[in-house]
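Note that the structure is a prediction, hence the values are computed from the model and not measured. Hydrogens, waters and symmetry mates play no part in the numbers below; they use all other heavy atoms, side chains included. Numbering of residues begins at 1 and proceeds along the displayed sequence. In listed order, ligands and their atoms are each counted from 1.
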Amino acid sequence: MLNQELKTTLVKLAFEAREGSYAPYSRFKVGAAILTADGQIFTGANVENASYGATICAERTAAVKAASSGARQFIAIAITGFSDEVPPEERDYAFPCGICRQVLREFLPESGDITVFVALSPEDVFETTLNTLLPHSFGPEHL
Ligand code: THU
């Protein structure tokens, strides 16, 4: 179980990571922070491309940074995504897209689930889990 301090830290780091977003096309800036089983935290932001389909989401940026550093069990992820052009009262939770859910699924920890925090603001955080967002999923053990 994640304590309040770790949750607050992850959410804060997701907001900071969002500052690194490269989103000139959608202007929808996303940040993510992943806590791995060895206690490290990896952050990422979305990186768009003029060839729109080549865009990489924030969650995958963070996941690939973690996995390529050898950290392959994810305990929790915090995500925040919104356009600065949309007033705070009109923003909604930015849940991870389907591709990102599947990429996170690859790195389930021994506990078998990943806590997902979706933050609208540092104080307004929706908490769920990867298995809730991606039930009956396909993973490495099925091959
Ligand atoms: N985006 C993410 O970074 N994560 C998601 O899970 C959903 C979408 C990004 C991709 C694109 O740069 C922008 O948000 C609008 O789709």
Salt bridge present between K65 and E59 (N-O < 4.0 angstrom): no

Excluding Y22, membership of its hydrophobic cluster (Ile, Leu, Val, Met, Phe, Trp, Tyr; side-chain heavy atoms within less than 4.5 Å) reads Y25, V47, Y52

Under 4.0 Å from ligand 1, residues with heavy atoms, in chain and number order, are S26, F28, V30, N46, E48, T55, C57, A58, E59, F95, P96, C97

Minimum side-chain heavy-atom gap L35-L6 below 4.5 Å: yes

Tell me yes or no: between the side chains of S51 and N49, is some donor less than 3.5 Å from an acceptor? no

P87 meets the side chain to side chain contact (heavy atoms under 4.5 Å, CB included) criterion, sequence neighbours left out, with E89, E90

Result block: side-chain N/O donor-acceptor pairs under 3.5 angstrom for residues 10-18, not counting sequence neighbours:
unit_1	atom_1	unit_2	atom_2	d
K12	NZ	E16	OE2	3.1
R18	NE	K29	O	2.9
R18	NH2	F82	O	2.8
R18	NH2	D84	OD1	3.0

